[in-house]
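Below: the structure, in structure tokens.
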Amino acid sequence: MKTLIVEIIEPKRLGELVTVSKEFCDTPDIVALGAGDVPGVYNKAWQTEETISANLVPAIAELIQKEEYQVVLFSASTVGAGLAGPVAAKLSASVVSEVIGIEPDLVVRRPMYGGKAVATYKITATPAILTIRRKYFEPAELEGTTAAETLTIAEPLVSLIAEKQEKSEGVPLEDAEVVVSGGRGMGGPDNFSMLQEMAEILKGAVGASRGAVDEGWAAPTLQIGQTGKIVAPGVYFAVGISGASQHLAGIANAKCVVAINKDEEANIFKRARFGIIADYKKIMPALNNVLREE
Ligand SMILES: Cc1cc2nc3c(=O)[nH]c(=O)nc-3n(C[C@H](O)[C@H](O)[C@H](O)COP(=O)(O)OP(=O)(O)OC[C@H]3O[C@@H](n4cnc5c(N)ncnc54)[C@H](O)[C@@H]3O)c2cc1C
């Protein structure tokens, strides 16, 4: 099946989509977003430095129609989700988001009910537009580069007049191998510094439950869960988090969950591989001391 990948130039993300594309074709085409070499070998490649989805959507939709792609793959990221829906609407095409599994004949799987169930869909019309959830597919090793022609954007509909960069330090949450998250049980914003300290020692990132975000103790960009970010770290520390299903939906693919909660009945312990029933204020400083010495 003729397949197009649309993704920012980031080897891991591209590698994941290349792995998925192999289910449909030998060598996919690509629209690479951003500047620089396009890593990997593609049949045909286009490239653009345009960042505004309103301007990208008509160009990508036109390309899909012209080249008659049957499958179009985006990452289930802010960029991918921002493009996939509008492109699908423009083409009256079907879109399945947050895909976590692919089977032959355009059968795809995605989580539903906040990760409590997995739905299986058979797509019967093409182009099939899929957003692929991060870290569910082993990224292919991308060797070499492909020369790309510039993607023509006929008439920009929107222009950028000002940009304010959000200050973010350290590893991005979605890519972090260790995430240290705090919930309402933190009792206030000050003790988030303990989580920050652990994240720094382990070269990870700090996250939060909606409970903590709603209290104003953590930025909304740190929220993990159904209405927040989806993370898939090797180790996830849940500190003072009860383990509501909407929170667990954001950590379904975390490998090892370590929960610290003073309530032994807390739901988070059902998801945790290691559980510490204690007041985090006693445990976190001790843990940080040990980890610092390691
Ligand atoms: C449509 C919808 C979408 C939602 N989306 C999300 C989402 O994306 N992400 C999300 O997280 N939630 C989401 N929620 C909210 C979710 O249902 C919970 O309300 C929320 O996750 C609770 O946050 P929490 O666990 O931090 O707080 P709480 O449920 O209040 O739990 C606090 C925990 O801290 C423990 N604790 C208290 N003091 C200490 C201490 N000193 N030491 C150790 N443990 C302590 C308590 O025992 C308790 O288990 C959503 C809800 C809805 C309805």
Side-chain angles (χ1 to χ4, degrees), residues 1-53 55-91 93-104 106-110 123 125-153 174-175 230:
M1 298 182 102
K2 199 169 173 189
T3 303
L4 177 70
I5 287 173
V6 182
E7 184 51 288
I8 57 167
I9 299 179
E10 202 279 306
K12 258 196 184 160
R13 289 180 181 212
L14 281 174
E16 288 174 7
L17 295 186
V18 168
T19 298
V20 173
S21 75
K22 300 290 178 199
E23 302 283 340
F24 305 111
C25 68
D26 287 339
T27 315
D29 292 356
I30 187 168
V31 171
L33 307 175
D37 289 341
V38 180
V41 175
Y42 307 90
N43 211 18
K44 282 189 193 170
W46 291 266
Q47 188 167 10
T48 175
E49 287 183 42
E50 176 63 67
T51 54
I52 300 172
S53 52
N55 296 335
L56 285 166
V57 166
I60 293 170
E62 197 181 309
L63 186 72
I64 293 168
Q65 250 173 345
K66 190 169 139 234
E67 295 282 333
E68 299 181 340
Y69 290 109
Q70 292 160 294
V71 179
V72 185
L73 303 173
F74 298 85
S75 277
S77 59
T78 319
V79 174
L83 291 171
V87 165
K90 211 161 172 54
L91 297 171
S94 49
V95 59
V96 182
S97 59
E98 304 276 349
V99 169
I100 58 168
I102 309 265
E103 289 163 29
L106 271 181
V107 172
V108 299
R109 282 181 281 122
R110 73 179 297 274
I123 303 169
T126 58
I129 297 185
L130 308 178
T131 74
I132 308 296
R133 194 175 265 194
R134 299 281 325 280
K135 296 196 178 180
Y136 273 79
F137 297 89
E138 199 55 42
E141 292 263 339
L142 302 179
E143 283 170 11
T145 55
T146 302
E149 63 180 85
T150 305
L151 180 75
T152 310
I153 296 186
E174 295 96 323
D175 294 331
I230 307 284

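In this text the structure is predicted, and so the values were computed from the model without any measurement. Along the sequence shown, residues carry numbers from 1.
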Hey, are the side chains of [X] and [Y] touching, using non-hydrogen atoms and a 4.5 Å cut-off?
X	Y	result
I30	V18	no
N55	T48	no
Q65	L91	yes
W46	V6	no
V99	Y136	no
E67	L4	no
I102	V108	yes
T126	V71	no

Which atom pair, heavy atoms only, marks the closest approach of [X] to [Y]?
X	Y	value
A59	T152	CB-O, 3.5 Å
A84	V95	CB-CG2, 4.3 Å
A45	A147	CB-O, 3.9 Å
V38	A32	CG2-CB, 3.8 Å
A125	S94	O-OG, 3.8 Å
A35	I9	O-CD1, 3.6 Å

Test item: [X] side-chain N/O and [Y] main-chain N/O as donor-acceptor pair under 3.5 Å:
X	Y	result
R110	E98	no
E16	R133	no
T146	G40	yes

Nearest 0.5 angstrom please: [X] [atom1] to [Y] [atom2], how far?
X	Y	atom1	atom2	result
L17	E10	CG	CD	10.5 Å
E50	I153	CD	CD1	4.5 Å
I64	I129	CD1	CD1	5.0 Å
L56	T51	CG	OG1	7.5 Å
Q47	L151	CD	CG	10.0 Å

Might you confirm whether atom CG of N43 has over 12 heavy atoms from other residues, nucleotides or ligands at distances under 6.0 Å?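 Counting neighbours around CG of N43, more than 12 heavy atoms of other residues, nucleotides or ligands fall under 6.0 Å, so yes.
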For the NZ atom on K12, are there more than 12 heavy atoms of other groups (residues, nucleotides or ligands in this structure) within a distance under 6.0 Å?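 Open.
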Pair K135-E174, salt bridge (charged side-chain N to carboxylate O under 4.0 Å, His left out): steps then yes or no: CA-CA 9 Å; K135 296 196 178 180; E174 295 96 323; over 6 Å; no
Under the side-chain contact (heavy atoms from CB on, under 4.5 Å) test against S21, which residue among D26, I5, T27 passes?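 For S21, the side-chain contact (heavy atoms from CB on, under 4.5 Å) check succeeds only for I5.
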Going by side-chain contact (heavy atoms from CB on, under 4.5 Å), V96 matches just one of I132, L130, T131. Which one?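 It is L130, the one option of I132, L130, T131 that forms the side-chain contact (heavy atoms from CB on, under 4.5 Å) with V96.
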Step by step, work out the side-chain contact (heavy atoms from CB on, under 4.5 Å) result for R109 and E103. CA-CA 8 Å; R109 282 181 281 122; E103 289 163 29; 3.0 Å; yes
Got a sec, which residues hit side-chain hydrogen bond (donor to acceptor under 3.5 Å, both in side chains) with Y69, two or more places apart in sequence or on another chain?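 Checked Y69 against side-chain hydrogen bond (donor to acceptor under 3.5 Å, both in side chains); matches are D29.
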Under a 4.0 Å threshold between the charged nitrogen and the carboxylate oxygen, would K90 count as salt-bridged to E62?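 Looking at E62 and K90, the cut-off is not met.
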Salt bridge E68-K2, side-chain N to carboxylate O under 4.0 Å: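 Salt bridge: no.
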Working note: I230 + R134, criterion side-chain contact (heavy atoms from CB on, under 4.5 Å); need CA distance, chi angles, decisive distance, verdict. CA-CA 8 Å; I230 307 284; R134 299 281 325 280; over 6 Å; no
Could you walk me through whether L142 and L14 pass side-chain contact (heavy atoms from CB on, under 4.5 Å), step by step? CA-CA 8 Å; L142 302 179; L14 281 174; 3.7 Å; yes
Donor-acceptor side-chain pairing of T19 and E138 below 3.5 angstrom: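 No pair is found: no donor N or O on one side chain lies under 3.5 Å from an acceptor on the other.
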